[in-house]
Student: 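Following this message is one structure expressed as structure tokens.
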There are 2 protein chains.
Amino acid sequence: MSALSIGDLARRTGVPVETIRYYERMGLLPKPPRTEGNYRAYEATHERRLAFVKRSRDLGFGLDAIRALLDLANGADRPCGEVDALARDQLAEVERKIADLTAMRAELQDMLGHCRNDTVADCEIIGRLRGK
Amino acid sequence: MSALSIGDLARRTGVPVETIRYYERMGLLPKPPRTEGNYRAYEATHERRLAFVKRSRDLGFGLDAIRALLDLANGADRPCGEVDALARDQLAEVERKIADLTAMRAELQDMLGHCRNDTVADCEIIGRLRGK
DNA sequence: GCTTGACCCTGTAGCGGCTACAGGGTGCAG
DNA sequence: CTGCACCCTGTAGCCGCTACAGGGTCAAGC
Ligand SMILES: [Zn+2]
Ligand SMILES: [Zn+2]
Ligand SMILES: [Zn+2]
Ligand SMILES: [Zn+2]
């Protein structure tokens with residue numbers, strides 16, 4: 001009844017058309033049926049699956065982890081330990097990145113704070129990049 | 001006198017050999033003279049330049065920005081406004097990434113906090129990825 | 001002087017996660 | 001029936017490396 005074109009799906013989910021095709025190639029989305037004219041024809045199930053992928057991407061999960069999450073999500077009766085482990089790994093990764101970026105921010109702010117807007121020869125930023 | 005092999009330079013700067021060659025190809029490092037056996041022969045100037053590149057990379061500057069910083073660093077008498085602008089852009093970029101990651105961290109922590117370690121069907125993590 | 005093994009060389013391909021074409025086909029409105 | 005938006009496949013590019021493959025160089029130890 002309510003078949004969606006790839007463009008419709010893109011508009012509804014906020015995922016670009018090219019990215020949807022990419023996810024299909026990568027095995028994250030099933031190959032949808034086609035119309036007579038060879039257009040992809042999506043249903044609500046596809047939209048739900050793509051939304052799941054998008055929310056996972058927005059949390060920074062990699063495509064491998066998302067494939068695993070999608071598989072795990074299908075075993076309703078199974079315990080969710082593996083899901084939680086993936087989420088904890090992702091949290092650890094995010095925290096590592098935040099730590100790295102926070103150190104970069106501190107150094108950049110300090111450099112900028114010490115710069116007297118003088119010549120390059122006296123610039124604290126260049127000085128520190130040169131190693132004092 | 002004190003010519004360094006690429007491996008020596010790698011050990012002294014902490015930049016892998018392959019990456020040094022990559023930086024040379026990308027125009028960040030000048031092509032060094034060669035020995036009779038066609039080995040790269042580096043001097044202290046090369047080491048200083050590579051250290052500059054490494055410190056810049058550690059702050060997250062992209063290779064284009066580093067090329068610009070290296071050029072600017074050579075104009076000792078010129079004002080450092082362009083340098084500062086590059087540093088401010090980089091700080092803004094880092095802050096943007098921190099903001100994104102902080103949002104991811106909050107959501108991941110909240111998901112994990114609500115998960116009762118039950119079945120997948122009841123798992124808060126899967127539930128939220130599905131969109132409630 | 002000959003072998004071993006660490007190092008070096010070039011060139012190319014792969015990673016992740018897209019993004020951007022090129023070169024065509026489809027479908028609907030005016 | 002013509003224009004235009006959309007769709008199709010396939011391939012190449014982005015960033016900053018990283019990892020080969022297939023060779024050459026060089027010094028130490030026997
Ligand atoms: Zn300070
Ligand atoms: Zn300055
Ligand atoms: Zn909550
Ligand atoms: Zn759970």
Side-chain angles (χ1 to χ4, degrees), chain A residues 3-29 31-42 46 50 52-70 86 89-90 93-94 96-97 100-101 104, chain B residues 3-29 31-42 46 50 52-70 86 89-90 93-94 96-97 100-101 104:
Chain A
L4 300 169
S5 75
I6 196 169
D8 294 336
L9 194 58
R11 270 182 296 278
R12 280 157 160 271
T13 59
V15 177
V17 166
E18 303 279 3
T19 303
I20 297 173
R21 286 196 282 248
Y22 173 72
Y23 288 162
E24 181 182 324
R25 279 204 304 285
M26 294 299 105
L28 287 174
L29 304 179
K31 305 203 174 194
R34 302 292 184 118
T35 65
E36 276 194 28
N38 198 32
Y39 285 18
R40 287 170 179 82
Y42 294 103
H46 297 100
L50 180 55
F52 186 106
V53 171
K54 182 173 192 335
R55 272 186 290 266
S56 304
R57 284 297 296 133
D58 288 349
L59 292 173
F61 285 99
L63 301 194
D64 284 354
I66 297 175
R67 250 185 300 266
L69 287 168
L70 284 164
L86 286 167
D89 287 355
Q90 178 55 23
E93 182 66 13
V94 166
R96 206 190 48 69
K97 285 182 181 164
D100 287 355
L101 288 163
M104 291 181 199
Chain B
L4 299 170
S5 74
I6 196 169
D8 294 336
L9 194 58
R11 270 182 296 277
R12 280 157 159 272
T13 59
V15 177
V17 166
E18 303 279 4
T19 303
I20 297 173
R21 286 197 281 248
Y22 172 72
Y23 288 162
E24 182 184 324
R25 279 203 304 284
M26 295 298 104
L28 288 174
L29 305 177
K31 304 204 175 194
R34 301 291 184 121
T35 65
E36 276 194 27
N38 198 34
Y39 284 20
R40 288 171 181 80
Y42 295 102
H46 297 100
L50 180 54
F52 186 107
V53 171
K54 183 175 191 336
R55 273 186 289 266
S56 303
R57 283 298 295 135
D58 288 348
L59 291 173
F61 285 100
L63 301 193
D64 284 354
I66 297 175
R67 250 185 302 263
L69 287 169
L70 285 163
L86 286 167
D89 287 354
Q90 178 55 22
E93 181 67 11
V94 166
R96 207 190 48 70
K97 284 181 182 165
D100 288 355
L101 288 162
M104 290 181 201

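These figures come from a predicted structure and were not determined experimentally. Letters A, B, ... mirror the listed sequences (proteins, then strands); counts begin at 1.
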Student: Tell me, please, which residues at least two apart from B:T35 pass side-chain contact (heavy atoms from CB on, under 4.5 Å).
Tutor: B:Y39, B:A41
Student: Between A:D8 (CG) and D:dA5 (C1'), how many Å, whole number?
Tutor: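 Rounded to whole Å, this separation is 13 Å.
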Student: B:Y42: which residues meet the ring pair (Phe, Tyr, Trp, His ring centres under 6.0 Å) condition with it, sequence neighbours left out?
Tutor: B:H46
Student: Can you see which heavy atom on A:V17 is nearest to which on A:G7, and at what distance?
Tutor: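 Taking every non-hydrogen atom into account, CG2-CA, 4.0 Å.
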Student: Identify whether the distance between the nearest side-chain nitrogen and carboxylate oxygen of A:R21 and A:E18 falls below 4.0 Å.
Tutor: yes
Student: Take the protein atom CG of B:L50 and the nucleotide atom P of D:dC17, then report the distance between them rounded to whole Å.
Tutor: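 The answer, rounded to whole Å, is 11 Å.
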Student: Check the interface with nucleotides 22-25 of chain D: list each N/O to N/O pair with the protein under 3.5 Å, or write none.
Tutor:
from: D:dG24; atom 1: N2; to: B:Y39; atom 2: OH; distance (Å): 2.7
from: D:dT25; atom 1: O4'; to: B:Y39; atom 2: OH; distance (Å): 3.3
from: D:dT25; atom 1: O2; to: B:Y39; atom 2: OH; distance (Å): 3.2

Student: Is there a side-chain contact between B:L70 and B:V53, using heavy atoms and a 4.5 Å cut-off?
Tutor: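 Side-chain contact under 4.5 Å: yes.
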Student: In whole angstrom, what separates A:L9's CG from D:dC8's P?
Tutor: 11 Å
Student: Rounded to the nearest Å, what distance is computed from the CG atom of residue B:D100 to the P atom of nucleotide C:dG17?
Tutor: 16 Å
Student: Going by heavy atoms closer than 4.0 Å, what residues in residues 17-26 of chain B are next to DNA chain D?
Tutor: B:E18, B:T19, B:Y22, B:Y23
Student: With a 4.0 Å cut-off on N to O distance, would you call A:D8 and A:R11 a salt bridge?
Tutor: yes
Student: Rounded to whole Å, please give me the gap between CG in A:L28 and C1' in C:dG16.
Tutor: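 From A:L28 CG to C:dG16 C1': 12 Å.
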Student: Using five base pairs at each end, measure the axis-to-axis angle across the helix from C:dG1-D:dC30 to C:dG30-D:dC1 and round it to 10 degrees.
Tutor: 20°
Student: Using side-chain contact (heavy atoms from CB on, under 4.5 Å) as the criterion, point out the one residue from B:L29, B:L4, B:I6 that pairs with B:R40.
Tutor: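 Result for side-chain contact (heavy atoms from CB on, under 4.5 Å) with B:R40: B:I6.
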Student: Taking side-chain contact (heavy atoms from CB on, under 4.5 Å) as the definition, give me every residue that meets it alongside B:T13, ordered by chain and number, with sequence neighbours left out.
Tutor: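 Testing B:T13 for side-chain contact (heavy atoms from CB on, under 4.5 Å), a comparison that skips the adjacent residues, returns B:L9, B:V15, B:E47, B:L50.
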Student: Mind calculating the distance between CZ (B:R11) and P (C:dA6) to the nearest angstrom?
Tutor: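 Checked: the CZ to P distance equals 13 Å.
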Student: Under the side-chain contact (heavy atoms from CB on, under 4.5 Å) test, which residues partner B:E93, sequence neighbours left out?
Tutor: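 side-chain contact (heavy atoms from CB on, under 4.5 Å) list for B:E93, sorted by chain: B:Q90, B:R96, B:K97.
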Student: To the nearest Å, give me how far apart NZ (B:K97) and C1' (D:dC15) are.
Tutor: 11 Å
Student: Is any side-chain heavy atom of A:I20 closer than 4.5 Å to one of A:E24?
Tutor: no
Student: Could I get the full list of side-chain contact (heavy atoms from CB on, under 4.5 Å) partners for A:R67, not counting sequence neighbours?
Tutor: A:M26, A:L28, A:L63, A:D64
Student: If you check every side-chain atom of B:S5, which of D:dT18, D:dC7, C:dC8 has the closest atom?
Tutor: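 Looking only at heavy atoms from C-beta outward on B:S5, the closest nucleotide is C:dC8.
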Student: Would you give the length of the straight line joining atom CZ of A:R55 to atom CZ of A:F61, rounded to the nearest 0.5 angstrom?
Tutor: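 Between atom CZ of A:R55 and atom CZ of A:F61 there are 13.0 Å.
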Student: Closest approach of A:L86 and A:A65, non-hydrogen atoms and distance?
Tutor: CD1-O, 4.2 Å
Student: So does A:R40 get a side-chain nitrogen or oxygen closer than 4.0 Å to the phosphate oxygens (OP1/OP2) of D:dT9?
Tutor: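 Yes, because at least one side-chain N or O of A:R40 sits under 4.0 Å from OP1 or OP2 of D:dT9.
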Student: Where along residues 53-67 of chain B does a heavy atom come under 4.0 Å from DNA chain C, residue by residue in number order?
Tutor: none
Student: Expressed in angstrom and rounded to an integer, what is the separation of B:R34 atom CZ from D:dC26 atom P?
Tutor: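 Result: 13 Å.
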Student: Tell me every residue that passes salt bridge (Lys or Arg N to Asp or Glu O under 4.0 Å) with A:D89, counting only those two or more places apart in sequence or in another chain.
Tutor: none
